[in-house]
Amino acid sequence: MSNTSSTKVSVFASRVYELTSMIPEGKVSTYGRLAAKLGLKKGAQAVGQALHYNPFAPIVPCHRVVRSDGSVGGFAFGSEQKIKILRKEGIEILNGKIDLNIYSFKQK
DNA sequence: CGTGTGACTCGGT
DNA sequence: GACCGAGCCACAC
């Protein structure tokens, strides 16, 4: 996903997609965690925007990124869809919330 | 270059 | 638990 020649998307966004695409199936990550990996411990919102503008919508598993409190957060195609997909991947969602203690994907 | 906005997060009420 | 306000960051105007 690295934009080598053209600058369709910002470098920041490219990194976000890269990190997002490496999330394994059945696991999830949070906006804040991705931001931290980019060196922006408080740029969770910026990460969220990058995913919102996500030109790789179906390619990048942006649905595996949720809020730090376990809420599914948002989704370009609607949070309902997001939940559906996550459940399909084997993630159990109770009350629109995900058990981060079980499904959170932490990589160093 | 200043402002507003949002798929965020945290702390207080 | 829900609502609110403040802080942070990238991006569009």
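Protein chains get the first letters and strands the later ones, always in sequence-line order, with residue 1 at the start of each.
In this structure, A:Lys84 places its NZ atom where only 12 or fewer heavy-atom neighbours from other residues, nucleotides or ligands lie under 6.0 Å away.
Each of A:Tyr53 and A:Lys42 was matched to the nucleotide of DNA chain C holding its nearest heavy atom; the match closer to the 5' end belongs to A:Lys42.
Between A:Phe75 and A:His63, the shortest heavy-atom distance links the atoms CE1-CB, 3.9 Å.
Judged by distance alone, the side chain of A:Lys37 and the main-chain N or O of A:Val16 form no donor-acceptor pair under 3.5 Å. Using a distance-only test at 3.5 Å, with no hydrogens or angles considered, no donor-acceptor pair links the side chain of A:Lys97 to the main chain of A:Asp69. A distance-only check finds no donor-acceptor pair linking the side chain of A:Arg67 to the backbone of A:Val72 [under 3.5 Å].
Here A:Gly43 lies in heavy-atom contact (under 4.0 Å) with sugar-phosphate atoms only. Residue A:Ala44 is classed as a sugar-phosphate contact, given heavy-atom separations below 4.0 Å to backbone atoms only. Looking at heavy-atom distances under 4.0 Å, A:Phe12 makes contact with sugar-phosphate atoms alone, never a base.
From the 5' end on, the contacts that DNA chain C makes with chain A at under 4.0 Å to a non-hydrogen atom open and close at C:dC8 to C:dC11.
As a whole-Å value, the separation of A:Arg67 CZ from B:dG6 C1' is 11 Å. Look at OH on A:Tyr17: it is 14 Å from P on B:dA7, rounded to the nearest Å. Atom pair A:Asp69:CG and B:dG11:P shows a separation of 13 Å (rounding to whole Å applied). B:dT9 atom P lies 14 Å from atom CG of A:Leu40, rounded to whole Å. Across the protein-nucleic acid pair, A:Lys37 atom NZ and B:dC8 atom P stand 19 Å apart, rounded to whole Å.
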Next item on the list: May I have the step-by-step check of side chain to side chain contact (heavy atoms under 4.5 Å, CB included) for A:Ser68 and A:Tyr31, ending in yes or no?
Entry: CA-CA 7 Å; A:Ser68 63; A:Tyr31 299 96; over 6 Å; no

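Every residue meeting the side chain to side chain contact (heavy atoms under 4.5 Å, CB included) condition with A:Tyr53, not counting sequence neighbours, appears here in chain and number order: A:Gln49.
Ion pairing between A:Glu89 and A:Lys27 fails under the 4.0 Å rule for side-chain N and carboxylate O.
Of the residues in residues 91-103 of chain A, not one places a heavy atom less than 4.0 Å from an atom of DNA chain C.
Going from atom CD1 of A:Ile91 over to atom CD1 of A:Ile83 covers 11.5 Å, rounded to the nearest 0.5 Å.
When distances are taken from the side chain of A:Ser68 to each of B:dC8, B:dC10, B:dA7, the shortest belongs to B:dC10.
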